Structures are given as C-alpha cells and as structure tokens.
**Q** 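Pasting a structure below so you can have a look.
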Amino acid sequence: MCNFRGLWNVPFISNCYLLKVDLFRQPSLKEVTFKVEGRDPDMVFCESLRERGVFMYVNNEEAYGHLINPEWFDTRHTNPDIYEIIHNRQEWEDRYISPEYWQSLEKTYEPSMPCPDVYWFPVVTPRFCKEWIEVMEAYGKWSDGSNKDTRLEGGYEAVPTRDIHMKQVGLETQWLRFLKDYIRPLQEKTFLGYYHDPPVSLMNFVVRYRPDEQPSLRPHHDSSTYTINLALNTVGEDYTGGGCRFIRYNCSVQDTKRGWILMHPGRLTHYHEGLKVISGTRYIMISFIDP
Ligand SMILES: O=C(O)CCC(=O)C(=O)O
Ligand SMILES: [Fe+2]
C-alpha cells in the first residue's frame, strides 16, 4: 500500500477523519448519525454516509504522519517503548534500529569479519542498549552462575553465565520478532543457502560479567546453528578486558562496539570463550539460534 500514492474512494473509514462541515448543514444530511445502540460508532457513521450518497476517500498523496496504537502500551514496564516492536513498529524502528543497519542489507555491502566466519553488523542504537540494560537491572534477578538452572527444561546448564532470560522480563515474543525481521535477513546474506524462517531460539539472555562476580566464560560450543552476540556497552568506557575468543583460529574480538552484533556458527568450528573482564561491568545479549 505504501508504494502507491493516490486518492481512493472507500466504503469505510475509521480512527481519523477530515470532514467538510458545510456538507452536514444541508437538510438531507441532518440525519447522519454515529449512534445505534450496541453497534460500533465507526460502522454506523460510515453506513449512514453511504446511505445518503456521501463519498468517503482515503488520500496518501501527502504524508500527515501516522497514528500510534496505544492499546498495548504497558507503563508497568521499565522503558515500555522498547516493548513496542509489534504494535508500534515504525516508532520502534526509528528509536532502536541503527541507521547503519540498512546499509548492511544492500547487495554490495561487505560485512566485516573480525575472525573466520565471524561476522559483525551494526544493528541497534545506543538508546536500545541503554534501555535494554536498564530493563535487566530493574528486574535484577541475575542467575547465580551455577549449573543448576530451573529456568531450563532439564534444570541443568553446562556452561552457565550470570544472566537474565528474555522470558523473565516479558520480552521473549518481542525478541523473537526482532530475530525474524532484523537478524534473519543478515544471516541469509552471510551464511548463504541456509534458510529458516522464523528462526527458532530457546535461549535468549543478557549476560553480565564483573571481576567480582563472573568475570569470564570457559571454552564451549553453543547449542545453536548460529549465535548472535550483541555488545550492549562500551569497552574502555564501561569496562576493561572482556571479549570473545575463537580458539580454533586463535582469534579474539575485544574491540566490540556497542549496538553491533557478532554472528558466528555455534558448533564444531567455533569453539569459543568469554575473555576475562578486568574492571567495570560488561553486558552482552546472546541468542542461540536454531538449536
Ligand atoms: O563473552 C562473550 O562474548 C561470549 C559469550 C558466550 O559465548 C555465550 O554466552 O555463550
Ligand atoms: Fe557461547
């Protein structure tokens, strides 16, 4: 629809009207109403106009802006805007998707590859990163980093991190939408010939590393076809040390950039570890996609 511009005669309009008042002063239109007991006022009003031969139009020749959907906006959340990816997509995208993201979808774009088959993309804005961390810290129930994890089906996590799962903060559905709409297109450009829509991801979590808590993560494989690892804060400013080392290639990504994601295969070739945070707090968001 947005690709077409014009003026259309339509039988029904809701939410937003521009009315020519003079019309309603004519005797034949005095009876126009929007009130019938038990019926939707929009329906009644449009029906009433149709019966009297008044034409209704939709016009998008000019951009007047758009309406937001306030129905699902839940002020009980910390940073409720970040929950709006489904119901207020345009606002969400403007606030949280990095302007640089769109370039990486262009045909000629060559993504950076800091280590073999580890790709790096700018995806979300600094505002996203700040608010995402705030949501986690406001919730505050970080796991204890032990192998026992009642959030998981088997109750056991082999390579535990101090983390918060998206389910715990009510962001699971939103995050899965993000993976489908923004991450999957990058994956399809990166790992050619692999196609899985929607991406499945059972493990979506924010990790917190601190020298006095969990400073690092031992070598492991992820239970994923591919993993995304989103840097939520800034090395050198918020923390020192940290990063991800891919052992087979003896290659580390330590100069991670806030709002950028690393995308790498999860198993077999990409045995990896989380390097030690020396000072401050490092936050990352991880998804094990297509386990
Ligand atoms: O610290 C990192 O960047 C790696 C994190 C990681 O490998 C994981 O959470 O599975
Ligand atoms: Fe990992």
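Just so you know, these numbers come straight off a predicted model, no measurement behind them. Values below: every heavy atom of this structure, side chains too, minus hydrogens, waters and symmetry copies. Nothing fancy with the numbering, it's 1 onward along the sequence. Read the numbers this way: they start at 1 and go in the same order the structure lists the ligands and their atoms.
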**Q** What I'd like to find out is whether the side chain of F205 reaches to under 4.5 Å of the side chain of T161, using heavy atoms alone.
**A** yes
**Q** Run the salt bridge (Lys or Arg N to Asp or Glu O under 4.0 Å) test on D22 and K20 for me, step by step, so that the C-alpha distance in whole Å, both residues' side-chain angles and the decisive distance to 0.1 Å come before the verdict.
**A** CA-CA 6 Å; D22 282 354; K20 188 172 180 185; 5.8 Å; no
**Q** From the Fe ion (ligand 2) out to just under 2.8 Å, does an N/O/S atom of H221 turn up?
**A** no
**Q** If you stand at the Fe ion (ligand 2) and look out to NE2 of H272 and OD1 of D222, what angle do those two lines make, to 10°?
**A**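 Here the angle at the metal atom is close to 100°, to 10°.
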**Q** Assign the ring pair Y226 / Y194 to parallel, tilted or perpendicular, where the plane angle (0 to 90°) is split at 30° and 60°.
**A**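 Rings of Y226 and Y194: perpendicular, over 60°.
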**Q** Any donor-acceptor pair under 3.5 Å linking the side chain of N229 with the backbone of I286?
**A**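 Checked: no pair found.
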**Q** List, for ligand 1, each N/O atom that has a protein N/O partner under 3.5 Å away, with both atom names and the distance.
**A**
| from | atom 1 | to | atom 2 | distance (Å) |
| --- | --- | --- | --- | --- |
| ligand 1 | 1 (O) | Y209 | OH | 2.7 |
| ligand 1 | 1 (O) | R282 | NH1 | 2.8 |
| ligand 1 | 3 (O) | N229 | ND2 | 2.9 |
| ligand 1 | 3 (O) | R282 | NH1 | 3.4 |
| ligand 1 | 3 (O) | R282 | NH2 | 2.9 |
| ligand 1 | 7 (O) | H220 | NE2 | 3.0 |
| ligand 1 | 7 (O) | H272 | NE2 | 3.0 |
| ligand 1 | 10 (O) | H220 | NE2 | 3.1 |
| ligand 1 | 10 (O) | D222 | OD1 | 3.1 |

**Q** Report the distance from atom CD of E273 to atom OH of Y271, rounding to the nearest 0.5 Å.
**A**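 If I round to the nearest 0.5 Å, the distance is 8.5 Å.
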**Q** How about R151 and D163: do any of their side-chain heavy atoms sit closer than 4.5 Å?
**A**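 A side-chain contact under 4.5 Å exists here.
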**Q** Show, in sequence, the C-alpha distance, side-chain angles and deciding distance for E93 and R89, and conclude whether the salt bridge (Lys or Arg N to Asp or Glu O under 4.0 Å) test is met.
**A** CA-CA 6 Å; E93 203 166 279; R89 178 53 164 262; 3.6 Å; yes
